[in-house]
There are 2 protein chains.
Amino acid sequence: MARNCRFAVAVHIITVLATHRDTPATSDWIAGSVNTNPVVVRRILSALAKAGLVQSQRGIAGGSALAKEPGAISLLDIYRAVDEQEAQAMHHQPPNPNCPVGAHIVPVLTEILRCAEDAKQQELAKRNVGDVVAAIRHRIAAE
Amino acid sequence: MARNCRFAVAVHIITVLATHRDTPATSDWIAGSVNTNPVVVRRILSALAKAGLVQSQRGIAGGSALAKEPGAISLLDIYRAVDEQEAQAMHHQPPNPNCPVGAHIVPVLTEILRCAEDAKQQELAKRNVGDVVAAIRHRIAAE
DNA sequence: CTATATCGTAACCACTATTATTACAAATTC
DNA sequence: GAATTTGTAATAATAGTGGTTACGATATAG
């Protein structure tokens with residue numbers, strides 16, 4: 001259970017909200033579509049709300065709704081809202097500073113990983129929630 | 001201790017080998033530069049050897065050495081040799097197939113994450129071990 | 001005002017990925 | 001044959017992750 005699926009679940013949640021814009025969706029109802037626990041959904045909704053992507057309301061007619069148009073929410077917005085951790089990390093222990101390689105490799109590697117992560121994020125920035133909804137509608141129509 | 005630093009350690013190891021090409025390096029010696037346990041170094045060397053990037057030899061004059069020129073080893077080669085796991089994963093439980101979103105989002109998300117990962121790998125492919133050695137030499141000269 | 005429904009979040013558990021460490025057989029050289 | 005080194009298995013320690021329970025805060029209905 002250790003692999004990170006927050007991004008997948010977050011996109012799922014936002015896509016559900018984008019296809020039910022008439023009425024706020026409860027975490028319980030969303031959890032039924034994602035097939036997980038409502039608290040997991042609420043945790044991710046909380047992160048998305050902090051990023052300004054969704055709005056939630058408590059109470060008897062409460063629930064969550066998009067705070068922006070689907071076309072104005074990129075997948076990078078979602079990624080940054082929920083996936084703060086780097087995939088590849090630096091050494092656990094700092095390398096030996098008396099070795100020429102050990103003394104200088106960390107900033108070199110950090111810069112390389114930053115470029116690689118940037119490329120990934122730029123690819124995510126090319127797509128928005130409207131595109132995901134359209135892709136799903138296309139698949140439904142093709143059935 | 002849960003973050004993945006195999007890529008960082010693998011690049012470190014290969015860079016050490018690239019700067020000491022005259023004689024094979026023992027895992028114990030490399031571990032001194034990386035500041036970790038020799039077995040950790042040997043495990044990563046084993047993965048690098050399976051990818052054809054290094055060669056190791058047992059025995060009293062044993063150790064490891066590059067199997068290719070530094071300029072012929074890209075960082076993507078190293079990444080693929082040691083980092084098999086995806087950073088972002090799909091849902092733990094399959095989504096609800098009775099929800100239109102749940103029924104169709106997985107292939108859409110899989111394709112998006114594949115593109116993002118591809119972009120990252122293409123960025124890593126642009127750099128090779130020779131570039132890393134040059135960057136480190138540049139930093140040493142700038143001291 | 002009270003009851004009900006819902007969110008927000010803390011606390012805890014189970015599971016997994018990862019690194020560190022010990023141990024030892026296999027291989028190589030002297 | 002002794003010494004050294006790799007290769008790998010086994011184990012422990014740590015941390016990230018999602019699932020679950022619990023409960024206070026909040027909003028609406030009546």
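So you know, we letter chains A, B, ... as the sequences are listed, proteins then strands, and number each from 1.
Counting heavy atoms from C-beta outward, A:V132 and A:R127 have side chains that stay 4.5 Å or more apart. Proximity of B:F7 to B:L75: side-chain heavy atoms (C-beta onward) are separated by under 4.5 Å at one or more points. Looking at heavy atoms from C-beta onward, A:Q57 lies out of side-chain contact with A:P24 at the 4.5 angstrom threshold. Contact annotation: the side chain of A:I14 approaches that of A:L53 to within less than 4.5 Å [non-hydrogen atoms, C-beta and beyond].
Regarding B:D83, its CG atom lies at a distance of 14 Å from the P atom of C:dA17, rounded to whole Å. One can place CZ of B:R3 at 18 Å from C1' of D:dA13, the figure rounded to the nearest angstrom. The NZ atom of A:K50 sits 15 Å away from the P atom of C:dC7 (whole-angstrom rounding). In this structure, A:I30 atom CD1 and C:dT6 atom C1' are separated by 12 Å, rounded to whole Å. Here C:dC15 presents its P atom at 13 Å from CD of B:Q93, a figure rounded to the nearest Å. Summarising the geometry, the separation between CH2 on B:W29 and C1' on D:dT4 is reported as 18 Å, rounded to the nearest angstrom. Whole-Å rounding puts the A:Q88 CD to C:dT19 C1' distance at 16 Å. Look at CG on B:N4: it is 13 Å from P on D:dG16, rounded to the nearest Å.
Under a 4.0 Å N-O distance rule, the pair B:E123/B:K126 qualifies as a salt bridge. At a threshold of 4.0 Å, the pair A:E111-A:R114 counts as salt-bridged, since one of the basic side-chain nitrogens sits closer than that to a carboxylate oxygen.
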For this session: Can you check each nucleotide of nucleotides 24-30 of chain D against protein heavy atoms at under 4.0 Å and return B for base, S for sugar-phosphate only, - for none, in 5' to 3' order?
Result: BBBBBS-
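Phosphate proximity of D:dT6 to B:S27: present, with a side-chain N or O under 4.0 Å from OP1 or OP2. At D:dG18, one or more side-chain N or O atoms of A:R6 fall inside 4.0 Å of OP1 or OP2 (strictly under the cut-off). Within the structure, a side-chain polar atom (N or O) of B:S46 is placed less than 4.0 Å from OP1 or OP2 of D:dT8. Between B:T26 and D:dT4 there is no side-chain polar atom (N or O) within less than 4.0 angstrom of OP1 or OP2.
Annotation: the terminal axes of the helix from C:dC1-D:dG30 to C:dC30-D:dG1 meet at 20°, where each axis is the rotation carrying the C1' atoms of four end pairs onto the next four (5 pairs per end, rounded to 10°).
Residues meeting the side chain to side chain contact (heavy atoms under 4.5 Å, CB included) test with B:N35, sequence neighbours left out: A:Q93. Legend: residues meeting ring-ring contact (aromatic ring centres under 6.0 Å, His included) with A:H104, ordered by chain and number and at least two apart, are absent. Applying the side chain to side chain contact (heavy atoms under 4.5 Å, CB included) rule to B:H20 yields the partners B:V16, B:D22, B:W29; only residues at least two apart in sequence or on another chain are considered.
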For this session: Might you work through the side-chain contact (heavy atoms from CB on, under 4.5 Å) test for A:I30 and A:L17, ending with a clear yes or no?
Result: CA-CA 9 Å; A:I30 300 172; A:L17 296 183; 4.0 Å; yes
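The minimum heavy-atom distance between A:H12 and B:P95, with the atom names listed, is CE1-CB, 3.6 Å.
The side-chain hydrogen bond (donor to acceptor under 3.5 Å, both in side chains) with A:S56 is formed by just one residue from the set A:S46, A:S64, A:S27; it is A:S64.
Near DNA chain C, defined here as any heavy-atom distance below 4.0 Å, the residues from residues 34-45 of chain A are A:V39, A:R42, A:R43, listed numerically.
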